[in-house]
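Computed from heavy atoms alone, side chains included, the values below leave out hydrogens, waters and symmetry copies. The residues of the chain are indexed from 1 along the displayed sequence.
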Amino acid sequence: MKPLFRKEFMIGLLVVVALLILFFGINFLKGVNVFKAANYYYAQYTNVEGLAISAPVTVNGFKVGIVRDIQYQYNNPGHVVVELSLDKALRIPKGSKAMIASDILGTATVTLSMAHESQNFYNVGDTVPGVVEPGMMAGISENLMPAVNSILPKVDTLLSSLNAVVTNPALTTSLNRLDNISSELEQTMRSLHQVMAQMGPVTKDIKSITSNVDTITSDLAVSTGRLREAPIDSMMTDLAATMANLKQLTDQLNNPNSSIGKLTNDPALYDNLNSTISSLDSLFVDIKRNPKRYISIKLL
């Protein structure tokens, strides 16, 4: 009998240990520290979407507890009671609120908004006023969706205009012309490369011409320097005197009262000179015909 008793005792002990491990394991998975003392408060909400048991309870971003339980009030339809397990050292001033806030993924947490100006505190087990704060997605839906709805007609108009432009045959024609222009431009560039390759000897000639031009330029600079050194003032004075003398001579030729003018302007003198020349011409002709008349040769 004793060995059987010992076996049953061991089985019972193992069952108790397993139950204890199960209990502590479940609470551990829930985030409940069984060995830590806690105070329990309650909050009432009309919507706890996204809130789950063991969700964190925070104050100013610091975790001070967890959601211990969530129960629907069947005797008060539309309301849900949330049990909050908070640190024993935490005291909640009256006027504080337990707000449910959701992140962008829809996970909800309880945030205690403390009323620091109050000196009275809730007792353990009291109900703290619950507030549901609009989530990020709700804010996006409320603020962004109207703007999106107002933009959608404009987007539709823009897409219609874009579709009309894309389906316009003129666009296809323009693209074909652009393709042709690109091809012609490519051919032009190839021709230009060929011309540039053929311009190699010409470039060398241009370099030699440029050097010759430099030489000519330097020679011109030397000539210009020599011209600057030449007595241009005296030359200009002599030229002016020569021009004055030519003017004086011209005036005398044109003046019929001057001796030179009489020679050029007196017709009688011209006629006499012409007659004398004619007589001399006749005399020379007669001398050629009858030289004995004018030349007498006597022989001793």
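- Note that CG of L112 is 5.0 Å distant from CE of M114, once rounded to the nearest 0.5 Å.
- Residues M236 and L246 fall into different hydrophobic clusters, defined by Ile, Leu, Val, Met, Phe, Trp and Tyr side chains chained together at heavy-atom separations under 4.5 Å.
- Y74 and V48 end up in the same hydrophobic cluster when Ile, Leu, Val, Met, Phe, Trp and Tyr side chains are linked at under 4.5 Å.
- Looking at heavy atoms from C-beta onward, I92 lies in side-chain contact with Y41 at the 4.5 angstrom threshold.
- Here the CD atom belonging to E186 is positioned 10.5 Å from the OG atom belonging to S191, to the nearest 0.5 angstrom.
- In the displayed structure, Q73 atom CD is contacted under 6.0 Å by more than 12 heavy atoms of other residues, nucleotides or ligands.
- Distance CG/L86 to CZ/R68: 12.0 Å, rounded to 0.5 Å.
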Residues H79, T46; criterion side chain to side chain contact (heavy atoms under 4.5 Å, CB included); working and verdict: CA-CA 5 Å; H79 293 79; T46 57; 4.1 Å; yes
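- By the 4.5 Å heavy-atom criterion applied to side chains, V64 and T58 are not counted as neighbours.
- Within the 3.5 Å criterion, the main-chain N or O of S275 finds a donor-acceptor partner in the side chain of S279.
- Of the possible donor and acceptor atoms, one in the side chain of N39 sits under 3.5 Å from a partner among the backbone N and O of K88.
- The side-chain heavy atoms of I53 and D69, taken from C-beta on, include a pair separated by under 4.5 Å.
- Between Y42 and Y40, a ring centre-to-centre spacing not shorter than 6.0 Å is recorded.
- Contact annotation: the side chain of Y72 approaches that of P77 to within less than 4.5 Å [non-hydrogen atoms, C-beta and beyond].
- Residues Y122 and T127 come closest through the heavy atom pair CE2-O, 4.0 Å.
- The main-chain N or O of A108 is never found under 3.5 Å from a side-chain atom of S102 such that the two would form a donor-acceptor pair.
- The OG atom of S96 sits 7.5 Å away from the NE2 atom of H116 when rounded to the nearest 0.5 Å.
- Shown here for Q71 and V80, the closest heavy-atom pair between the two residues is O-CG1, 3.3 Å.
- Of the listed residues (T109, L90, V110, V82), just one forms a side-chain contact (heavy atoms from CB on, under 4.5 Å) with V57, and that residue is V110.
- Of the possible donor and acceptor atoms, none in the side chain of D87 sits under 3.5 Å from a partner among the backbone N and O of A89.
- Taking CD of E83 as the reference point, atom CD1 of I70 lies at 10.5 Å (rounded to 0.5 Å).
- Shown here is N60, whose CG atom has no more than 12 heavy atoms of other residues, nucleotides or ligands within 6.0 Å.
- There is a path of hydrophobic side-chain contacts, each under 4.5 Å, that joins V59 to L51.
- Taken to the nearest 0.5 Å, the NE2 atom of H193 stands 11.0 Å off from the OG1 atom of T188.
- Minimum interatomic distance between K94 and A115 (heavy atoms only, all atoms of both residues): O-CB, 3.6 Å.
- Between V67 and L84, some side-chain heavy-atom pair lies under the 4.5 Å cut-off.
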